[in-house]
Amino acid sequence: MPELPEVEFYKKEAEKCLGEEIKFTTSYCSKIVNLKNSLKGKRITKVFRYGKYLFMQIDGNCLVMHFGMTGKLICNSKEQKHLCFKMDFKNGKSLLYISVRKLGKVFEIKSFKQFLKEKHLGKDALRIGYKEFYNSVKNKKSTAKSFLMNQHLISGIGNIYSDEILFQSKIYPLSKINHLLDEKIEVLYKNVKLVLNEVIKSKFENKPIPDNFLIPHRNKNGICPVCKNKIKYVKILSRTSYFCDNCQKIY
DNA sequence: ATTCTTGTTGAATG
DNA sequence: GCATTCAACAAGAA
């Protein structure tokens, strides 16, 4: 489920191999992996995340991973099914990029700054400041849901966590984002951070998502953890958005 | 058999 | 240009 919190988790996996010398890399899927230079003999010097992208500085090279819908990165796993890319290190460690649906990408870039420009990515959801967020909201006519999912405006939020952020903020997913009251924008901003950080915490501590979150109830038979109403759903941008029509009022 | 699914892209539309 | 929507990509689950 690679939205920002998942990629943050994969970053931790990659960091287990920081400083290790690469013995060789293997691609099992040319559709996903596009590497020109050999990484043999080089070391991972830095790992960082921006939105849903993971970056690995490998001496002079910069490797980028995007996980699509089903990609994941695991250190020292024996899992072989759907393996697309593997990095083997001299000391025996390995990093495995696994993807069932093969919609992700592994490639190299020359410059991170240039990459951001070319992709027109918005600020990372965990780093965006309130002023910037506020201005972005005021300029847009889109719905609250598509605003949160638009990577050009804010990077890192996808279908599942946008539902959660709107639920925690008590905002109806189809509300026009520029109609939100200022105090509601502030609530939304705070919940972007709160939800992402809470999910990251759950993942890192290997605990379930809190039960007062929508996510554990985010299904066709779900019951709202706050008011016990039946969870509703609606299609937005050809994705299913779950919400509580009792708690999530328009503004 | 058909429909659904966590993501992005590029084409098409208004 | 700009904002927005849709099909396509792929494969497995229900």
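- Between atom CE of residue M149(A) and atom OG of residue S241(A) there is a gap of 7.5 Å, rounded to the nearest 0.5 Å.
- Here K81(A) lies out of heavy-atom contact (under 4.0 Å) with every strand.
- Base pairing in DNA chain B yields stems of at least 3 consecutive Watson-Crick or G-U pairs, both distances under 3.5 Å, namely B:2-5 with C:11-14, B:7-14 with C:2-9.
- At distances below 3.5 Å, at least one donor-acceptor pair connects side-chain atoms of H217(A) with backbone N or O atoms of D211(A).
- Here dT4(C) is the nucleotide among dT4(C), dT5(B), dT6(B) with the atom lying nearest to any side-chain atom of K141(A).
- Counting only heavy atoms from C-beta on, N159(A) has its side chain closest to dT6(B) among dT9(B), dA10(C), dT6(B).
- Atom CD of E164(A) and atom P of dT6(B) are 14 Å apart (whole Å).
- Among the heavy atoms of the strands lying under 4.0 Å from L237(A) are primed sugar atoms or P, OP1, OP2 only; no base atom is included.
- Each of dA11(C), dT6(B), dT5(B) was ranked by its minimum atom distance to the side chain of R218(A); first place goes to dT6(B).
- Nucleotide dT5(B) holds its P atom 11 Å from the CG atom of D163(A), rounded to whole Å.
- Each of S146(A) and H82(A) was assigned the nucleotide of DNA chain C with the nearest heavy atom; the assignment lying further toward the 5' end belongs to S146(A).
- Atom pair Y233(A):OH and dC4(B):P shows a separation of 9 Å (rounding to whole Å applied).
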Give every donor-acceptor pair under 3.5 Å between a side-chain atom in residues 153-160 of chain A and any protein atom, sequence neighbours left out.
unit_1  : atom_1 : unit_2  : atom_2 : d
S155(A) : OG     : G122(A) : O      : 2.9
S155(A) : OG     : Q151(A) : O      : 3.2
N159(A) : OD1    : K145(A) : NZ     : 2.5
N159(A) : ND2    : T240(A) : O      : 3.1

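- Atoms NE2 (H120(A)) and C1' (dG1(C)) sit 13 Å apart, rounded to a whole Å.
- Checking side-chain atoms of Y189(A) against main-chain N and O of I128(A) turns up a donor-acceptor pair under 3.5 Å.
- Distance, R239(A) CZ to dA7(C) P: 12 Å, rounded to whole Å.
- For the pair K72(A) NZ and dT5(B) P, the computed distance is 21 Å after rounding to whole Å.
- To the nearest 0.5 Å, atoms CG (L103(A)) and CD1 (I32(A)) are separated by 7.5 Å.
- L83(A) places its CG atom 15 Å from the P atom of dA11(C), with the value rounded to the nearest Å.
- The base of dG7(B) does not come close enough to the side chain of R101(A) for any donor and acceptor atom to sit less than 3.5 Å apart.
- Here S99(A) lies out of heavy-atom contact (under 4.0 Å) with every strand.
- Checked against the 6.0 Å centroid criterion, the rings of Y50(A) and F115(A) do not qualify as a close aromatic pair.
- When each of E8(A), E3(A), E13(A) is checked for a salt bridge (Lys or Arg N to Asp or Glu O under 4.0 Å) with R49(A), only E8(A) meets the rule.
- Atom CE in M149(A) sits about 12 Å away from atom P in dT5(B), given to the nearest Å.
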